[in-house]
Asks: 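Following this message is one structure expressed as C-alpha cells.
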Amino acid sequence: MLKFYIYISLLLIIIILLFKCFYLDLYSPKKVKTIALITILVMGLRYAALLILFLVSNIKYLYLLKPLFFMNLIGVPLIILIVLYIFMKGHIINFSYIFITAGVIIALYISMMLKCTCFLQNSSNVGYTMVFAQDTYIYWVYIGINTIALFLSISFINKTYTNRIGISIVILASIATIIEYIVWIAGIILIAENVIGDTLWIIALMYALNRIKKKA
C-alpha cells in the first residue's frame, strides 16, 4: 500500500507542477514560450495517460494510450534543452537549434511508435503500465541523454554565467533518472512507473521559467 500512496501522490504533484509551469509560461519571453508550452502539453498528455491507466480497470482500449504513455521520451529531452539554455544563459545552446532538435525528436518518436511494440503490464494496486517488448535499447538511449545532461551540467556548474541552483537541480534530475531506469531495467520495481526523474525535470523547468518570467 505504501507504493500505492507514493505513486498517486507523485502523479498529483506532477499534475500540479505542470499547471504551475503553464502559468509561469504565460509570462515567459516570446521565444521560450512556444517551445515550453509544447513541452508542458507533451508531459501533460503523458500524465493524463498515466492517470487513465491508474483509474480504468477495463483493459480493452488501454493500448490506444501507447503514443501518449511514452511522451516523456519527447518531453524530458526538450526540458533538458530549455533549462540548459536558460541556466547557462545561451552560452552553450543556440536557441534556434532547439526547434530543429524538437522536430527531429518528434519525427523519431513517431517512427518509434510505428515500429516498436509494447505490452500492457498489470501493476498490483496501481492499475496498468506499458513496457517495450523487445526494444529495450530505447531505455538505454534515454539513459544516455540524461548522462550527457549530467556531464554537461557538472562541466559548467562553476562558470560565472551559470545559474548554480538550476544546474544543481539538473544534476539531481539526471542522476535520479539514470538510477531509476537502470534499476528498472535490472528488474527492481520501486514504484509502478518511472516518475521520480520526471518530477525533478518538471521542477527544473518550473524553476527555469520562474527565473525568466516577466512581471505581470
Side-chain angles (χ1 to χ4, degrees), residues 1-15 17-18 38-80 101-150 173-202:
M1 286 300 290
L2 179 60
K3 288 184 178 180
F4 170 86
Y5 289 117
I6 292 173
Y7 183 62
I8 190 61
S9 297
L10 283 172
L11 288 184
L12 293 174
I13 288 168
I14 287 170
I15 291 168
L17 290 174
L18 286 171
I38 292 170
T39 304
I40 293 163
L41 290 176
V42 163
M43 295 301 284
L45 288 171
R46 166 171 162 78
Y47 282 91
L50 287 183
L51 269 181
I52 293 170
L53 288 167
F54 173 76
L55 295 171
V56 175
S57 57
N58 189 340
I59 198 173
K60 188 173 182 181
Y61 298 109
L62 292 182
Y63 189 76
L64 296 175
L65 295 172
K66 174 188 171 185
L68 305 183
F69 181 87
F70 295 102
M71 276 195 164
N72 61 318
L73 301 179
I74 299 175
V76 168
L78 292 182
I79 290 174
I80 291 171
T101 306
V104 172
I105 292 170
I106 292 170
L108 289 172
Y109 184 78
I110 293 170
S111 175
M112 182 179 69
M113 288 297 103
L114 294 172
K115 292 180 180 178
C116 300
T117 57
C118 72
F119 60 89
L120 281 165
Q121 196 172 60
N122 193 344
S123 298
S124 57
N125 299 322
V126 291
Y128 294 92
T129 186
M130 290 186 183
V131 295
F132 287 111
Q134 302 294 331
D135 305 288
T136 54
Y137 71 90
I138 294 169
Y139 301 118
W140 288 110
V141 171
Y142 188 63
I143 290 169
I145 290 169
N146 279 271
T147 303
I148 292 170
L150 174 62
S174 302
I175 292 172
T177 303
I178 292 165
I179 293 173
E180 188 176 37
Y181 273 83
I182 289 176
V183 167
W184 184 82
I185 291 170
I188 303 169
I189 309 300
L190 301 177
I191 53 178
E193 179 54 32
N194 296 322
V195 297
I196 297 171
D198 284 2
T199 305
L200 292 169
W201 279 118
I202 293 168

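All figures in this text were calculated on a predicted structure; none of them were measured in a lab. Residues: numbered from 1 along the sequence shown.
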Asks: At their closest point, which heavy atom of I138 faces which heavy atom of C116, and how far apart are they?
Replies: CD1-SG, 3.7 Å

Asks: Please report the interatomic distance OG1(T136) to CD1(I185), rounded to the nearest 0.5 Å.
Replies: 7.0 Å

Asks: Is there a side-chain contact (heavy atoms from CB on, under 4.5 Å) between I74 and M43 once you walk through the steps?
Replies: CA-CA 8 Å; I74 299 175; M43 295 301 284; over 6 Å; no

Asks: State, to 0.1 Å, how close M130 and E193 come at their nearest heavy-atom pair, and which atoms those are.
Replies: O-OE1, 4.5 Å

Asks: Measure from the side-chain N and O atoms of Y142 to the backbone N and O of T177, and report whether any donor-acceptor pair falls under 3.5 Å.
Replies: no

Asks: Assess whether side-chain contact (heavy atoms from CB on, under 4.5 Å) is satisfied between L53 and L120, documenting all intermediate values.
Replies: CA-CA 10 Å; L53 288 167; L120 281 165; 4.0 Å; yes

Asks: Report yes if some heavy atom in the side chain of W201 is under 4.5 Å from a heavy atom in the side chain of N146; otherwise report no.
Replies: yes

Asks: Does the E180 side chain pair with the main chain of I196, one donor and one acceptor, at a distance under 3.5 Å?
Replies: yes

Asks: Could you tell me which non-hydrogen atom of K66 sits nearest to which non-hydrogen atom of T117, and how far apart they are?
Replies: NZ-CA, 4.2 Å

Asks: To the nearest 0.5 Å, how far apart are CG in L45 and CD1 in I40?
Replies: 12.0 Å

Asks: Checking C118 against F70 for the side-chain contact (heavy atoms from CB on, under 4.5 Å) test, could you report, in this order, the C-alpha distance in whole Å, the side-chain angles of both residues, the deciding distance, and whether it holds?
Replies: CA-CA 10 Å; C118 72; F70 295 102; 4.0 Å; yes

Asks: Looking only at atom types and distance, does a side-chain atom of Y109 sit under 3.5 Å from a main-chain N or O of P67, one as donor and one as acceptor?
Replies: yes

Asks: Nearest heavy-atom pair of N194 and R46: which atoms, and what distance?
Replies: O-NH2, 3.4 Å

Asks: Once you round to the nearest 0.5 Å, how far does CD1 of I106 lie from CD1 of I38?
Replies: 6.5 Å

Asks: Quick one: CG on L10 to OH on Y5, what's the gap to the nearest 0.5 Å?
Replies: 15.0 Å

Asks: Within this structure, what is the CE-CG distance for the pair M71 and L65, rounded to the nearest 0.5 Å?
Replies: 11.0 Å

Asks: Are the side chains of I148 and I80 in touch, meaning some heavy atoms are under 4.5 Å apart?
Replies: no

Asks: Taking the side chain as every heavy atom from C-beta outward, state whether V76 and I145 have any pair of such atoms under 4.5 Å apart.
Replies: no

Asks: Is a donor on one side and an acceptor on the other found under 3.5 Å between the side chain of S111 and the backbone of A107?
Replies: no

Asks: Heavy atoms only: give me the nearest L78-I105 pair and the separation to one decimal.
Replies: CD2-CD1, 4.3 Å

Asks: Would D198 and Y47 count as having a side-chain donor-acceptor pair, cut-off 3.5 Å?
Replies: yes

Asks: Side chains of W140 and I182: does their closest heavy-atom pair fall under 4.5 Å?
Replies: yes

Asks: List the steps, then state whether side-chain contact (heavy atoms from CB on, under 4.5 Å) holds for F69 with L62.
Replies: CA-CA 10 Å; F69 181 87; L62 292 182; over 6 Å; no

Asks: Please round to the nearest 0.5 Å and tell me the distance separating atom OG1 of T199 and atom CG of L11.
Replies: 8.5 Å

